[in-house]
Amino acid sequence: MILAVHEDLRRRVTAAVTGLYGLAPADLPQVPIAMPPNRGLGDLAVTVAFDLARRLRKPPRAVGQELAARLGVVPGVARVECAANGYLNVFLDRPAFLRDRLSNRVDGGGGAARDKVIVEHTAINPNKAAHIGHLRNCALGDTLVRSLRFLGHAVEIQNYIDDTGVQVADVVVGFRHLEGRSAADVEAIARDTRFDHYCWDLYARVTGWYEADKARLAVRAEALHEIERGEGESAAIGRLVADRIVRCHLKTMARLNVRYDLLTWEGDILRLQFWSKAFERLKADGAVYFQGSGRLAGCWVMRIEDGIAHAPRGAEAAEGALTREDAGEDAEQAEKVIVRSNGTVTYVGKDIAYQFWKFGLLGEDFHYRLFGETGHDGPLWATSSVATPEEAALRPSFGRARAVYNVIDVRQSYLQRLLSQALAAAGHPDEAERSHHFAYEMVALSHQTARHLGYAPEAEEAGRPFVEVSGRKGLGVKADDLVDTLIEKALAEVTARHPELPEPERRRTAETIAVAAVRYFMVRFSRGKVIAFDIDEALSFEGESGPYLQYSVVRAANIFQKLRERDGLDEAAVLGGLDGLAIEELAGNDDASGVWALVLEAARLDEIAQQAVRSLEFSGLAKWAFALAQLFNAFYHRYPVLNEERRDAKLWRAAGVAYFRMQMTRALDLMGIEVPARM
RNA sequence: GCGCCCGUAGCUCAGCUGGAUAGAGCGCCGGACUUCGAAUCCGUAGGUCGCAGGUUCGAGUCCUGCCGGGCGCGCCA
């Protein structure tokens, strides 16, 4: 793809700079590579002359001209020109470029084995059905996973299961006190209903039950204690609920092409006493200390480093540090309680222990059991508190990652920063640095959709642009319901277009279209923006949508289908026929729809994926794929392939179509979207 | 009170570590199916990039201060 070209060019430009100006390696400027606004100006642009001009006290243009001359002949490059303002414009050897991409001679990217990274995503409380907010999490998380793998990383996908929290306890309360059920009853319900949907409603009823009489919250506290101790009917129902709901979630996610390698159960972290181990380490390293007096007397606390992410620069830094030092009274506030004065550990404690384990810094490990479902890349494992025969036989290896990505919404930023600080304070600054919080904003409902769901907005929400989703109130759109609705709509479309196809095939096609619609929708917005979910917008198959992207690939595939039927040409034959062909077709500068514009843009997939991972911003990947599909559709209308008389033009166009198809299929795969045979 | 995020066309949003003339989708208006399938394409209209300063060859992008909105900050989970 294109990154190899960038790297080669960057190396040569750097060598030219060194040779011309004798700069020390430390003084060498970055060599940014951009794309000129149109193909007439060039295929790639190097802007290093601007940076150098300042240091060398020369006009950018003079520097650019010297560099261009010094570069000489570059393999794969037709020529390099210096524009009047100092841009170094690079014109690629177009025929060679396309032939090389098609024959995969230069697509070794991703071959080199890199370090293992852990991505944790989804983490839905196992007490109710998944909703659209959870879809944003797993769509982003899974796209991150796929992009990391595409870039050559080994990735372990974890899904954290909070089986011991209040949310499960609430549903237990619902079953026992509202419905008078036994564990056996619950097991039967789980078998005979859509259990997660059943619990969705039950959970909302329990919330109402508490609201009617706050004293009933004591019932919850009691259930929670029973669950923690692991004894009695409540604990049995709690285990049942968590297990069955997790299995429901896995089914929902599998529909969306989302899978995992390991389910980490909070209960195991508690039972295996990961926290006490982590606590010993933190004490030994001085990361936490005992507070003997004051407001927090009797607690073990961790100092909170304020402003780690936004350290003031330059002259103001000293000032800022001073004012912080002076604020002696605030120092006490900048401490986070880790162990309460009564000796119990706070919520962050187990998260710290888990994060240490992910980096292999805990000195303890889980036991493991097979969960009985298919994982991302082999069987799906779950943590266990006790040894199992399967772990003895298969010896799974989890944890010990070099980098960790926690995909979790922005409201958890404070906690996630604490995790990173705990690592740094315990003497692991590198791990702290590689501890990434992939934060994203919430999914709310548009007013129209909220009304459609029969929800009357409360007074304080009337003026806002959106309505908050509330699992406790049962307000929201269930993931399964959304997907079901999309499938039915897509099925109607497919049936209208292909009435001759058998029903199972039409349905299968509709399913891939529905998945494309949801997943693209969840990725297309910047992660820092609240999505006001609008059902009609999400259901759209036109314009900027997943199905639009799929359709472009289907068209490309159709061209080759017809090429085979009419001319006996397949992709290998097209590639083989390119040698010695006239190259006028590639020489044009039609940015909006020409073959060359299409090929060059398609080649940028690796560059785009790398940028997305670096910034954790996958809307860029989505937008790029959409723009590429637009480019193809425009090309499709303007430049016929099958009916083109001139053999050279026909073959170059076919080659461009083949490359587009290859790259767009890969891009869609990064977003977990498949391409149907027809649509 | 402190911290983080957001503010770009009527609506919903892109704009990559500062780069060449600010772009899409939806909606509006007008065109293109006897053609590789119209889930498509082409065209028109629509902008003081929240406001004001600053940094420099160059700012939607960086800095400062305001304005407006969202979220977070407990010995809770």
Side-chain angles (χ1 to χ4, degrees), chain A residues 30 32 34-38 41 45 47 50 53-54 59-60 83 85-87 162 164-167 169 224 295-296 298-301 304 306-307 309-310 313-314 316 330 333-334 336-342 344-348 409-415 417 439 441-442 444 446 464-466 490 493-494 497 513 524-532 534 536-537 540-545 547-548 550-552 554-556 558-563 566 593 607-608 611-612 614-615 617 619-620 622-624 626-627 630 633-634 636-644 653 657 678-679:
Chain A
Q30 295 288 309
M35 279 185 84
N38 64 67
L41 285 170
T47 56
F50 299 110
R54 196 172 318 166
N85 45 16
Y87 284 91
D162 182 3
T164 58
V166 286
Q167 300 227 18
L224 195 54
R295 189 167 51 85
L296 303 178
C299 297
W300 286 86
V301 299
I304 299 171
D306 203 15
H310 50 93
R313 291 167 203 170
E316 284 134 351
D330 291 349
Q333 291 186 338
K336 175 69 186 174
V337 173
I338 306 295
V339 178
R340 302 182 191 101
S341 53
N342 67 6
T344 56
V345 59
T346 60
Y347 171 64
V348 293
D409 73 69
V410 69
R411 293 177 305 186
Q412 299 282 349
S413 294
Y414 178 66
L415 171 66
R417 224 172 88 192
E441 264 291 357
M442 311 305 299
S446 72
R464 296 190 189 176
F466 45 76
E493 297 278 347
V494 173
R497 282 158 227 257
I513 292 170
R524 61 182 281 218
F525 304 100
S526 273
R527 62 192 171 98
K529 276 204 163 101
V530 177
I531 296 179
D534 187 86
D536 294 328
E537 200 185 336
S540 170
F541 294 157
E542 290 170 6
E544 188 182 343
S545 68
Y548 177 96
Q550 290 176 309
Y551 187 60
S552 69
V554 168
R555 285 178 142 180
N558 282 345
I559 291 176
F560 269 90
Q561 172 94 23
K562 293 265 163 51
L563 269 177
R566 296 188 196 173
S593 56
E607 178 194 351
I608 300 297
Q611 171 63 27
R614 191 165 48 213
S615 59
E617 190 50 86
S619 62
K623 296 285 177 182
W624 170 81
F626 173 62
Q630 279 184 308
N633 276 328
Y636 180 93
H637 276 268
R638 193 165 303 173
Y639 299 98
V641 178
L642 290 174
N643 299 323
E644 174 57 44
R653 287 175 195 173
V657 171
R678 269 179 290 244
M679 64 184 285

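Keep in mind that the numbers below use all heavy atoms, side chains included, and drop hydrogens, waters and symmetry copies.
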Under 4.0 Å from OP1 or OP2 of B:C41: is there any side-chain N or O of A:Gln630 that close?
no

When rounded to the nearest Å, what value does the distance between P atoms of B:G68 and B:G50 take?
16 Å

So A:Glu537, base contact, sugar-phosphate only, or nothing? Heavy-atom distance under 4.0 Å.
sugar-phosphate

Would you measure the distance from the C1' atom in B:G25 across to the matching atom in B:U64 and give it in whole Å?
36 Å

Has the side chain of A:Ser341 got a donor or acceptor that lies under 3.5 Å from a partner of the other kind on the base of B:C75?
yes

Could you work out the separation of B:C49 and B:G10 based on their P atoms and round it to a whole Å?
13 Å

Which is true for A:Leu224 with a 4.0 Å heavy-atom rule: it touches a base, it touches only sugar-phosphate, or it touches nothing?
nothing

Which letter, B, S or -, goes with each nucleotide of nucleotides 27-36 of chain B from 5' to 3', with contact meaning a protein heavy atom under 4.0 Å?
---------B

Looking only at side-chain N and O atoms, does A:Ser526 come under 4.0 Å of OP1 or OP2 in B:A14?
yes

So, is A:Arg524 close to the B:U12 phosphate, meaning a side-chain N or O under 4.0 Å from OP1 or OP2?
no

What would the secondary structure line of RNA chain B be in dot-bracket form, counting Watson-Crick and G-U wobble pairs under 3.5 Å, with [ ] for pairs that cross earlier ones and | for pairs with another strand?
(((((((..((((.....[...))))..((((.......))))......(((((..]....))))))))))))....

What integer distance in Å separates A:Asp409:CG from B:A77:P?
19 Å

Planes under 30° and centres closer than 5.5 Å, is that true for A:Tyr87 with the base of B:G19?
no

Between B:C6 and B:A45 - C1' atom distance, rounded Å
29 Å

At 4.0 Å (heavy atoms only), tell me whether A:Ala556 reaches a base, stays on the sugar-phosphate, or touches nothing.
nothing

For nucleotides 5-11 of chain B, list the nitrogen or oxygen atoms of the protein found under 3.5 Å from its nitrogen or oxygen atoms, one pair per line.
residue, atom, partner, partner atom, Å
B:C5, O2', A:Gly528, O, 3.3
B:G7, OP1, A:Lys529, NZ, 3.3

With a 4.0 Å cutoff (strictly under), does any side-chain N or O of A:Tyr548 reach OP1 or OP2 of B:C41?
yes

Going by modelled atom types, is there a donor-acceptor pair between the base of B:A39 and the side chain of A:Arg497 at under 3.5 Å?
yes

Taking 4.0 Å as the cut-off, does a side-chain nitrogen or oxygen of A:Tyr551 come that near to OP1 or OP2 on B:A39?
yes

Pick the P atom in B:G43 and in B:G7, then give their distance to the nearest Å.
29 Å

Which value, rounded to the nearest 0.5 Å, describes the distance between A:Arg555 atom CZ and A:Gln550 atom CD?
14.0 Å

Suppose you measure atom P in B:U61 against the same atom in B:U56; what distance do you get, rounded to whole Å?
16 Å

Do A:Thr344 side-chain atoms and A:Arg340 backbone N/O form a donor-acceptor pair below 3.5 Å?
no

Between B:A20 and B:C13, how far is it from one P atom to the other, in whole Å?
25 Å

